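Inspection log for the structure reproduced underneath, given as structure tokens.
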2 protein chains.
Amino acid sequence: MQKSDPTLGDRAARTRGRPRAFDRALALARATRLFWVKGYEATSIADLTQAMGIGAPSLYAAFGSKEALYAEALRHYEATYEQLVWAGFHSAPTAREAVSAFLLDSASALTGAPDDHPLGCMVTLSAVGSEGHAELGELVRSARAVTLQRLQARLSAAVAAGELRAGTDIHARARFYQCIQAGMSILARDGTPRAELEAVARQALAQWNV
Amino acid sequence: MQKSDPTLGDRAARTRGRPRAFDRALALARATRLFWVKGYEATSIADLTQAMGIGAPSLYAAFGSKEALYAEALRHYEATYEQLVWAGFHSAPTAREAVSAFLLDSASALTGAPDDHPLGCMVTLSAVGSEGHAELGELVRSARAVTLQRLQARLSAAVAAGELRAGTDIHARARFYQCIQAGMSILARDGTPRAELEAVARQALAQWNV
DNA sequence: CTCTTTTTGTAGCAATCGATACAAAAATAC
DNA sequence: GTATTTTTGTATCGATTGCTACAAAAAGAG
């Protein structure tokens with residue numbers, strides 16, 4: 001009677017029963033790509049089962065529902081691609097270098113580097129909240145809010161460290177960089193090349209001390 | 001046998017036949033709002049007929065198909081709301097004032113001013129191209145490209161007029177302002193208040209001579 | 001009035017939507 | 001071996017999708 005907990009993933013101790021015939025992680029990665037490119041509503045279960053190479057019952061047994069699969073795809077996306085944008089930011093010694101890495105690495109990652117993934121950010125471009133799925137909408141909305149929080153925290157530390165003058169409006173400055181990175185996703189999806197987004201990043205960084 | 005040409009709208013000379021019982025322009029405005037908020041795929045014909053206050057046969061007789069209705073809604077959107085963002089840009093005496101008006105008016109319009117319309121730009125936020133409708137996708141993509149073209153043309157004129165130094169990278173600068181306005185739509189849809197987007201605009205304008 | 005034209009509401013089309021019932025299949029437990 | 005458990009593929013479920021056939025209704029043309 002008891003079903004396997006999907007959240008346990010492949011680590012679930014399945015001692016009995018027919019073994020799963022597909023790679024759950026690989027299937028999740030393929031579902032993530034599909035949601036990333038087409039969005040939630042435009043991606044059908046038939047699209048998913050075809051891309052994942054499994055039947056519908058296998059999908060539902062492993063992931064629960066379309067909404068649950070999207071939520072898990074979102075977590076997979078963050079776990080896999082977040083570092084492309086934030087690794088340099090976190091390891092930078094100064095706030096200016098951190099923001100510079102954030103914007104330049106965004107220009108790179110959002111245009112498909114280094115593994116030719118879809119253009120633009122799945123979180124930034126997701127409109128699932130407006131499509132009538134409030135719960136998933138809150139999920140991506142809160143994920144988008146993290147960008148602002150991190151920028152704000154780093155800029156606050158920069159003021160405390162004397163890197164930025166005390167009067168600097170931290171919140172407005174964080175919004176500024178968040179806005180630019182969000183815009184990059186729109187431009188990237190339309191095919192704007194990496195070099196042009198990097199030029200945008202440099203332009204944004206040119207006025208650090210204003 | 002001959003059907004009325006939907007493109008003629010209300011100006012079609014209908015001398016015979018039962019008169020249309022609804023306001024075509026009002027119905028189109030309501031359809032536009034729905035597509036604006038929910039996007040193409042997530043908006044169903046049932047949603048549309050309910051919001052427009054008409055039956056499905058009336059919708060198809062007046063607008064042709066869901067795709068044709070979306071295309072016409074897009075034109076209605078541009079004709080109605082474009083001026084909110086571009087009027088000040090076009091009438092400004094200098095390029096700097098033009099770009100300033102473009103960004104500040106965008107901050108205003110994208111947060112619902114002055115008539116409490118949906119948040120964000122319908123054109124910027126549309127993902128209809130990724131949802132599997134290539135023709136409509138090209139429509140919104142080319143609409144997005146207009147922003148870059150206008151900025152670039154105005155900045156080029158500014159260089160010719162000596163407002164900007166000759167070495168300025170016009171294309172990169174235009175991309176920069178386009179990127180910021182695109183980002184504003186993402187932030188606005190998440191509820192970022194107008195004042196914060198205006199602060200972003202001022203921050204972007206602070207480095208005109210860099 | 002009758003004839004023609006166009007719109008209307010009802011009712012329903014084939015196709016697809018997300019999701020499942022079911023039994024064969026494939027593993028372990030005993 | 002038999003019993004138990006879980007996944008598999010097939011074949012669907014009811015609901016919804018975009019769209020339309022049809023006839024009554026409402027207008028002008030003659």
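Per chain, numbering begins at 1; letters A, B, ... match sequence-line order. Everything numeric here is computed off the predicted structure, so don't read it as measured data.
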Worksheet entry | Residue mapping more 5' on DNA chain C - nearest nucleotide basis, A/I45 or A/P57 | A/I45
Practice prompt. Using heavy atoms to find the nearest nucleotide of DNA chain C for B/I54 and A/K66 separately, return the residue whose nucleotide is more 5′.
Written response: B/I54
Round to the nearest Å and state the distance from [X] atom [atom1] to [N] atom [atom2].
{"X": "A/D47", "N": "C/dA19", "atom1": "CG", "atom2": "P", "answer": "14 Å"}
{"X": "B/L48", "N": "D/dT16", "atom1": "CG", "atom2": "P", "answer": "16 Å"}
{"X": "A/F22", "N": "D/dT6", "atom1": "CZ", "atom2": "C1'", "answer": "12 Å"}
{"X": "A/Y70", "N": "C/dC17", "atom1": "OH", "atom2": "C1'", "answer": "19 Å"}
{"X": "B/L34", "N": "D/dG18", "atom1": "CG", "atom2": "P", "answer": "11 Å"}
{"X": "B/L59", "N": "C/dT10", "atom1": "CG", "atom2": "P", "answer": "16 Å"}
{"X": "B/F63", "N": "D/dC19", "atom1": "CZ", "atom2": "C1'", "answer": "16 Å"}
{"X": "A/R24", "N": "D/dT6", "atom1": "CZ", "atom2": "P", "answer": "16 Å"}

Worksheet item: Hey, which of B/Y77, B/F63, B/Y70 is the one that makes ring-ring contact (aromatic ring centres under 6.0 Å, His included) with B/F35?
Response: B/Y70
Discussion item. Any carboxylate oxygen within less than 4.0 angstrom of a Lys/Arg side-chain nitrogen, looking at A/E82 and A/R150?
Written reply: yes
Worksheet entry | Charged N-O contact under 4.0 Å between A/R75 and A/E78 | no
Worksheet entry | Check: A/R16 side chain, D/dT5 base, donor-acceptor under 3.5 Å | no
Worksheet entry | Presence of donor-acceptor pair under 3.5 Å, side chain of A/R18 and base of D/dT6 | no
Worksheet item: How would you label the contact of B/T43 with the nucleic acid (heavy atoms, under 4.0 Å): base, sugar-phosphate, or nothing?
Response: sugar-phosphate
Worksheet, complete the sentence: Between B/E67 and B/G17, whichever has its closest DNA chain D nucleotide further toward 5' is B/E67
Worksheet item: Distance under 6.0 Å and angle within 45° of the ring axis: does B/R24 meet both against B/F22?
Response: no
Worksheet item: OP1 or OP2 of D/dT20 sitting under 4.0 Å from any side-chain N/O of B/Y60?
Response: no
Worksheet item: Does D/dT7 have OP1 or OP2 sitting under 4.0 Å from an N or O in the side chain of A/S58?
Response: no
Worksheet item: Quick one: which of C/dA19, D/dC19, D/dG18 gets closest to the side chain of B/A56?
Response: D/dC19
Worksheet item: Should the ring pair A/Y177 and A/W208 be called parallel, tilted or perpendicular, given that the plane angle runs from 0 to 90° and is split at 30 and 60?
Response: parallel
